[in-house]
Q: 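Let me give you the structure first, and then I'll get to my questions.
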Amino acid sequence: MSPRPARRPLPRRFFARDTLTVARELLGCLLWARPAGGEPCAGRIVEVEAYLGEDDPASHAAGGPTPRSAIMFGPPGHAYVYLSYGMHHCLNAVTGPPGRAGAVLLRAFEPVVGEEAMAARRGRADSRTLGAGPGRLCQALGIDRAWNGLPLAAPPASGREPSAPGRVWIATGPPPAAIAVGPRIGIRKAVASPFRFCDRDSRCLSRPPGSGSF
DNA sequence: GAACCGATTGCCT
DNA sequence: GGCAATCGGTTCG
């Protein structure tokens, strides 16, 4: 029997650390989303990529802040959503200390809660590919550019921000037994950097795992 | 303003 | 395996 999935949002300090560390530790966590007019859905994160700051040529933060990438320079634990290839939305978690750009692209999940609703949004039933890819993941959860900037984490206890989970958040979950590491997918710059991390044993990856591991 | 390009996906051959 | 779809962001003139 699998345990009841955790729902409590991770604290903001989880995301305030080094982007590569956050990326690895997001594997196994539960991504929750509550689309407008829909019930909460969740998936177990099995594939992520780290995008660093101005020193990472493949990052949208390369070359300093722009209107699009400004969110990556802001406080950690927020959603960075952008439109890819004019068609697909991609969801990132902003990482690192404020002022220091960084984000983790959520590339794939395994369906956990609300699979039927997610499949309906996708227009396809196959659970293997339901969330296997950054665009598919967002489509399954009903995430689009309107979600850009939403908090993903619980705010600091001393803050004045509302503590209730919003439309999207991340909770703890069962970590993978083994993590595979490899180069990021689909980029044309910094192709050698091994910043992609996946649950080696998951069958819901967007592509086969990289050969590296730890 | 115009041109170019992309952290993708699904369908076609 | 190849390639079209499709549009916001960024850069350039």
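Hydrogens, waters and symmetry mates play no part in the numbers below; they use all other heavy atoms, side chains included.
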Q: How many whole angstroms separate atom CE of Met87(A) from atom P of dC3(C)?
A: 16 Å

Q: Expressed in angstrom and rounded to an integer, what is the separation of Tyr85(A) atom OH from dA5(C) atom C1'?
A: 12 Å

Q: If I compare all heavy atoms of Pro175(A) with all of Arg44(A), which pair ends up nearest, and what's the gap?
A: C-NH2, 3.8 Å

Q: Kindly state each residue pair satisfying salt bridge (Lys or Arg N to Asp or Glu O under 4.0 Å) with at least one member in residues 174-185 of chain A, sequence neighbours excluded.
A: Asp56(A)-Arg184(A)

Q: Can you tell me how far P of dG9(C) sits from CE of Met72(A), to the nearest Å?
A: 15 Å

Q: Would you mind classifying the nucleic acid contact of Arg122(A) as base, sugar-phosphate or nothing, using non-hydrogen atoms under 4.0 angstrom?
A: sugar-phosphate

Q: Does any part of the side chain of Thr172(A), heavy atoms only, come nearer than 4.5 Å to the side chain of Phe14(A), both counted from C-beta?
A: no

Q: Give Arg68(A) one of three labels, base, sugar-phosphate or nothing, depending on what nucleic acid heavy atoms sit under 4.0 Å from its own.
A: sugar-phosphate

Q: How close or far is atom P of dG9(C) from atom NE2 of His89(A), stated in whole angstroms?
A: 11 Å

Q: Base, sugar-phosphate alone, or nothing: which one does Arg124(A) contact when heavy atoms must sit under 4.0 Å apart?
A: sugar-phosphate

Q: What integer distance in Å separates Arg188(A):CZ from dT10(C):C1'?
A: 16 Å

Q: With a 4.5 Å limit on heavy-atom distance, are the side chains of His88(A) and Gln139(A) in contact?
A: no

Q: Look at the side-chain heavy atoms of Ile, Leu, Val, Met, Phe, Trp and Tyr, link any pair under 4.5 Å apart, and say whether Val168(A) and Tyr80(A) land in one connected group.
A: no

Q: As a test of understanding, state which of Pro209(A), Cys204(A), Ser206(A), Pro176(A) forms a side chain to side chain contact (heavy atoms under 4.5 Å, CB included) with Cys198(A).
A: Pro209(A)

Q: Would you kindly give the CZ-to-P distance between Arg145(A) and dT6(C), to the nearest whole Å?
A: 18 Å

Q: Of Ala132(A) and Lys189(A), whose closest DNA chain B nucleotide lies nearer the 5' terminus?
A: Lys189(A)

Q: Is Ile187(A) touching bases, backbone alone, or none of the nucleic acid, heavy atoms closer than 4.0 Å?
A: sugar-phosphate

Q: Of all heavy-atom pairs between Leu130(A) and Glu115(A), which one has the smallest distance, and what is that distance?
A: CD2-CG, 3.8 Å

Q: Go through DNA chain B in 5' to 3' direction and return only the first and the last nucleotide with some atom under 4.0 Å of chain A's heavy atoms.
A: dG6(B) to dC11(B)

Q: How many Å lie between NE2 on His88(A) and P on dA5(C), as a whole number?
A: 13 Å

Q: List the atom of Ala61(A), the atom of Leu52(A), and the distance in Å for their closest heavy-atom pair.
A: CB-O, 4.1 Å

Q: What does the 5'-to-3' dot-bracket notation of DNA chain B look like when only Watson-Crick and G-U wobble pairs under 3.5 Å count, and pairs to other strands show as |?
A: ||||||.|||||.

Q: Are Arg12(A) and Phe15(A) in a cation-pi setup, meaning NZ or CZ lies under 6.0 angstrom from the ring centre and within 45 degrees of the ring axis?
A: no

